[in-house]
Number of protein chains: 2
Amino acid sequence: MSRQWQTYSVPNPSYFLVNPTDNNTNTTPALTLAEAKAQFIHTWGVSGASWGVSKTLAQVHALLLVSPGALSTEDLMEQLKISRGNASMTVRDLLDWGLIYKELRPGERREYFVAEKDMLQVTRCIIRARKRRELDQMKRSLDQLANLPGDPADAEYRAFHTALTDIQQLANVSEKLLNRLMQAEKSWFWDKFMKLFM
Amino acid sequence: MSRQWQTYSVPNPSYFLVNPTDNNTNTTPALTLAEAKAQFIHTWGVSGASWGVSKTLAQVHALLLVSPGALSTEDLMEQLKISRGNASMTVRDLLDWGLIYKELRPGERREYFVAEKDMLQVTRCIIRARKRRELDQMKRSLDQLANLPGDPADAEYRAFHTALTDIQQLANVSEKLLNRLMQAEKSWFWDKFMKLFM
DNA sequence: CACAAGTTTCAATAATTATTGAAACTTGTG
DNA sequence: CACAAGTTTCAATAATTATTGAAACTTGTG
């Protein structure tokens, strides 16, 4: 089993080939489930990195998302080939984001983790965390700059003031939109929202 | 002049103090315009870094946004204290994103750059570039994985398949929402959109 | 309270990403 | 076509960020 996971870090070009161990009949899948998982984890890691999260964080999340049961720190270390320290910190981050939960098993000291599987909920968690880190932080900085008094006849001042108020306006709209998305009920999301926008 | 810009790289705590060169009457601003600009450029750089763009890219963009006229590569280098190579590459990136324009002056070989000042347009450019880099890229990878055939009685397979189709569904909605936002006319944006969401 | 079975922390290090700066290139003009 | 005034490229380096792994810590149990 553990051999199959090595493709997490080094994606294997044979993904795109027919599984060499089957007889190549047209009913067999081109990918085994384990290969597909590995590829998904890789993809999710790359996507995560292009957002601001570390590759490992995204990969742990991906692995838990596609795992039917809960996994322990030990499992994560082994399957993703990461160190104990890394696993511990990553898991803590994911708990903070609200993307995974601890699962305690009676009589066991070891902790297990399950992913939040409801994608709408996942989206909310991500929006909440990123909004706090990026938008709210920025709004605070802008507020004290936008109403700097100055001479409206000065082109330098006008350019500055216009740019800042425009950005503030945009930030306000974004904030409201994000708040709406976060509150969204499943039904609201799929009904009103989807129908409106398509 | 050039001394004032040093706060771009090392934010100066005196931002929050009354300008020591004025007489501290209550009609004088707490910040000079140059200080406020420097602080804005710093803020925008930090925000940019928490998205996926380099600090320099965000700062060049910020500087051009608050500059009433066009600036040359030389101006950018001097005001942001960056190297010629860095300025050249950053400017090219910003041109690619569509966030700035070249301004050619008859009889001069030197190139000048102006920022797109319409924030709605800026938003569109950013959405377009990021969507292409992140969402479209991901969708492509997921498509080939989501319809992997398998045994629906296998919990491993079910978990994988459910997670992937859920993510695809979410990606589709996101794509449509982003497309809508990109098409949005100014009037549509402020009327329909803002009113609906507030 | 000693110990076993875990988890967390954090300094050192590895990996990645951004930046510099000099050399190569481009382009218009006498 | 030589030169001046710029721009671009890219290998070397600096700066930043992620990861390791060993030591410190925690917690439940005999």
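A note on names: the letters A, B, ... follow the listed sequences, proteins ahead of strands, and every chain is numbered from 1. These figures come from a predicted structure and were not determined experimentally.
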Rounded distance (Å) that lies between atom [atom2] of [N] and atom [atom1] of [X]:
X: A:Leu76; N: C:dG6; atom1: CG; atom2: C1'; answer: 15 Å
X: B:Asp93; N: D:dT7; atom1: CG; atom2: C1'; answer: 15 Å
X: A:Glu108; N: C:dA4; atom1: CD; atom2: C1'; answer: 15 Å
X: A:Leu95; N: C:dT8; atom1: CG; atom2: C1'; answer: 13 Å
X: B:Phe113; N: D:dT7; atom1: CZ; atom2: P; answer: 7 Å

Set of residues satisfying side-chain hydrogen bond (donor to acceptor under 3.5 Å, both in side chains) with respect to [X], sequence neighbours excluded:
X: B:Glu175; result: B:Lys131, B:Lys139
X: A:Gln168; result: A:Asp143
X: A:Arg105; result: A:Glu103
X: B:Arg133; result: none

request  = Would you please confirm or rule out a distance under 4.0 Å between OP1 or OP2 of D:dT7 and any side-chain N or O of B:Thr73?
outcome  = yes
request  = Please state whether the phosphate of D:dT7, meaning OP1 or OP2, lies under 4.0 angstrom from any side-chain nitrogen or oxygen of B:Arg92.
outcome  = no
query = If you group Ile, Leu, Val, Met, Phe, Trp and Tyr whenever their side-chain heavy atoms sit less than 4.5 Å apart, what else falls in with A:Tyr101?
reply =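 A:Val114, which link up through side-chain heavy atoms under 4.5 Å apart, make up the rest of the cluster.
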inquiry  = For nucleotides 17-30 of chain D, give me one character per nucleotide, 5' to 3': B if any protein heavy atom sits under 4.0 Å from the base, S if the only such contacts are to the sugar-phosphate, - if neither.
reply    = -SSBB-----BB--
ask   = Do B:Val60 and B:Phe113 have side chains that get closer than 4.5 Å, going by heavy atoms?
value =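 Not in contact.
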query = Stems in DNA chain C: runs of 3 or more consecutive Watson-Crick or G-U pairs, distances under 3.5 Å?
reply = C:1-30 with D:1-30
task = State, without any angle test, whether B:Trp51 and A:Glu134 hold a side-chain donor-acceptor pair at a distance under 3.5 Å.
result = yes
Would you tabulate the side-chain donor-acceptor contacts of residues 62-77 of chain B under 3.5 Å, counting partners in other chains and residues two or more places apart, or write 'none'?
from	atom 1	to	atom 2	distance (Å)
B:Ser67	OG	B:Leu63	O	2.6
B:Ser72	OG	B:Glu74	N	3.3
B:Ser72	OG	B:Asp75	N	3.1
B:Ser72	OG	B:Asp75	OD2	3.2
B:Glu74	OE1	B:Arg84	NH2	3.4
B:Glu74	OE2	B:Arg84	NH2	3.2
B:Asp75	OD2	B:Ser72	N	2.9

Qualifying ring pair (Phe, Tyr, Trp, His ring centres under 6.0 Å) pairs, either residue in residues 129-181 of chain B, two or more places apart =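 Of all non-adjacent pairs touching residues 129-181 of chain B, those that pass ring pair (Phe, Tyr, Trp, His ring centres under 6.0 Å) are B:Tyr157-B:His161.
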query = So what does B:Glu111 hit on the nucleic acid, given a heavy-atom distance under 4.0 Å: a base, only sugar-phosphate, or nothing?
reply =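 Counting heavy atoms under 4.0 Å across all strands, the contact made by B:Glu111 is with sugar-phosphate only.
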